[in-house]
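Side-chain atoms are counted along with the backbone in the values below, which use heavy atoms only and exclude waters and symmetry mates.
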Amino acid sequence: MQPVLPAQPSQPTIASLRDVSGDSLARYWRFYWAVASAQLARWLPRRPSRVLDVSGGRCAAQAAAAGHTVLEVRDPGRADAGERPAKGTAIPLIGDTGTLGFLADACMDAVIAENRVLSRHLATESTIAEIARVLRPGGRVLLCVDSLTLGMALLAERNYWAHLSDVPSAEVVLVPWPDGTITRSFSANQLRELLADAGLEVEWVRPRTVLSPSMVEHVLAGSPRAMARLVRTELNAPSPDESLGIHLLASARRRS
């Protein structure tokens with residue numbers, strides 16, 4: 001593999017996650033999480049199921065409230081401070097979300113790998129293989145990763161032009177963040193190939209949101225009650241361009 005990994009990350013403002021005035025896009029992020037919740041609700045199994053959540057928050061409570069038995073696994077030290085525990089039938093567990101060696105083969109009906117967790121596991125191939133292993137035949141996984149669009153924006157922001165020129169031919173794109181962490185970015189084709197190599201059948205890949213942050217901010221600034229309408233518009237967007245957006249969302253099924 002040919003990873004793109006700049007050395008000595010600096011501490012710039014993340015312009016790709018802010019508007020031109022430097023605003024933190026608070027309205028957009030409320031919209032973003034409302035869309036994420038609605039997408040999860042659409043994706044969850046219709047019948048009570050055994051669900052594994054390795055997302056590190058936000059999803060386990062919703063899945064449990066929908067009537068599923070949820071095993072919520074978090075890496076040590078990654079639990080979000082102040083976050084409410086999952087309600088309903090949810091079993092918390094501190095463990096390695098990258099290996100899942102404590103779980104038996106084909107023991108889960110569904111896996112939720114939201115909140116960019118697979119971008120934080122740089123050896124994503126191994127983690128996806130473990131997810132495929134614990135899924136029963138026909139079981140599904142919902143996952144969210146950093147897009148190549150976001151990765152390239154962050155590299156450009158730090159003036160890593162030489163690394164940017166290597167991105168089109170790179171098999172792996174690793175990106176440093178201001179806090180010193182490193183994440184992995186994916187194109188839609190790379191994500192499809194990753195899932196297929198693990199024996200998973202891709203159902204769909206789409207950007208988390210198609211509506212632009214500036215447009216969402218503008219609409220909600222003028223009409224705060226427009227949130228529900230914006231979310232419906234996002235969910236019903238026809239065949240969105242997979243190259244759009246800072247995050248990619250995908251659903252895949254383990255082959256029978």
Side-chain angles (χ1 to χ4, degrees), residues 1 4 16-17 31-45 51-55 58-59 63 97 108-135 137-154 167-175 183-213 231-256:
M1 294 186 178
V4 174
S16 54
L17 301 183
F31 163 77
Y32 178 102
W33 291 117
V35 168
S37 178
Q39 289 167 334
L40 177 60
R42 280 192 172 188
W43 180 88
L44 283 169
V51 178
L52 172 66
D53 175 32
V54 296
S55 306
R58 293 189 179 272
C59 297
T97 58
M108 290 291 165
D109 300 311
V111 176
I112 305 171
E114 264 273 20
N115 200 26
R116 307 168 48 246
V117 65
L118 294 179
S119 278
R120 296 195 297 267
H121 288 297
L122 304 185
T124 318
E125 291 82 359
S126 297
T127 306
I128 286 290
E130 280 295 282
I131 288 174
R133 178 185 66 80
V134 302
L135 275 174
R140 302 167 71 216
V141 56
L142 179 72
L143 59 96
C144 174
V145 296
D146 290 347
S147 72
L148 201 57
T149 299
L150 174 61
M152 293 178 69
L154 289 168
V167 166
S169 60
E171 296 179 14
V172 177
V173 179
L174 303 180
V175 179
T183 63
R184 183 169 170 180
S185 295
F186 298 86
S187 68
N189 287 336
Q190 288 172 334
L191 188 56
R192 290 178 184 277
E193 182 178 351
L194 182 73
L195 293 168
D197 288 347
L200 298 171
E201 180 180 348
V202 179
E203 297 179 315
W204 46 261
V205 177
R206 58 155 293 153
R208 164 71 81 198
T209 64
V210 177
L211 303 180
S212 69
V231 172
R232 287 195 301 271
T233 299
E234 181 66 60
L235 294 178
N236 295 326
S239 302
D241 184 346
E242 293 176 348
S243 65
L244 296 174
I246 58 175
H247 301 140
L248 291 176
L249 191 69
S251 177
R253 184 184 303 272
R254 181 178 172 182
R255 299 187 182 99
S256 298

> Should we say atom CD of E203 is surrounded by more than 12 heavy atoms from elsewhere, each under 6.0 Å from it?
Replying inline: yes
>> Assess whether a salt bridge exists between R253 and E201, defined as any Lys/Arg side-chain N lying under 4.0 Å from an Asp/Glu carboxylate O.
In response: no
>> Tell me every residue that passes salt bridge (Lys or Arg N to Asp or Glu O under 4.0 Å) with R133, counting only those two or more places apart in sequence or in another chain.
In response: D105, E130
Under 3.5 Å, is there a donor-acceptor pair between the side chain of [X] and the main chain of [Y]?
X	Y	answer
S147	I246	yes
R140	W43	yes
T124	H121	yes
R254	L135	yes

Would you tell me whether [X] and [Y] have side-chain atoms, one donor and one acceptor, within less than 3.5 Å of each other?
X	Y	result
T183	D146	yes
S187	N189	no
E114	S55	no

> At their closest point, which heavy atom of T149 faces which heavy atom of G245, and how far apart are they?
Replying inline: CB-O, 3.6 Å
>> With rounding to the nearest 0.5 angstrom, report the CG to CG distance, L195 to L143.
In response: 5.5 Å
>> Between V51 and V111, does the side-chain contact (heavy atoms from CB on, under 4.5 Å) criterion hold? Intermediate values first, please.
In response: CA-CA 6 Å; V51 178; V111 176; over 6 Å; no
> Among all residues two or more places apart in sequence or in another chain, which pass the side chain to side chain donor-acceptor pair (under 3.5 Å) test with S212?
Replying inline: S214
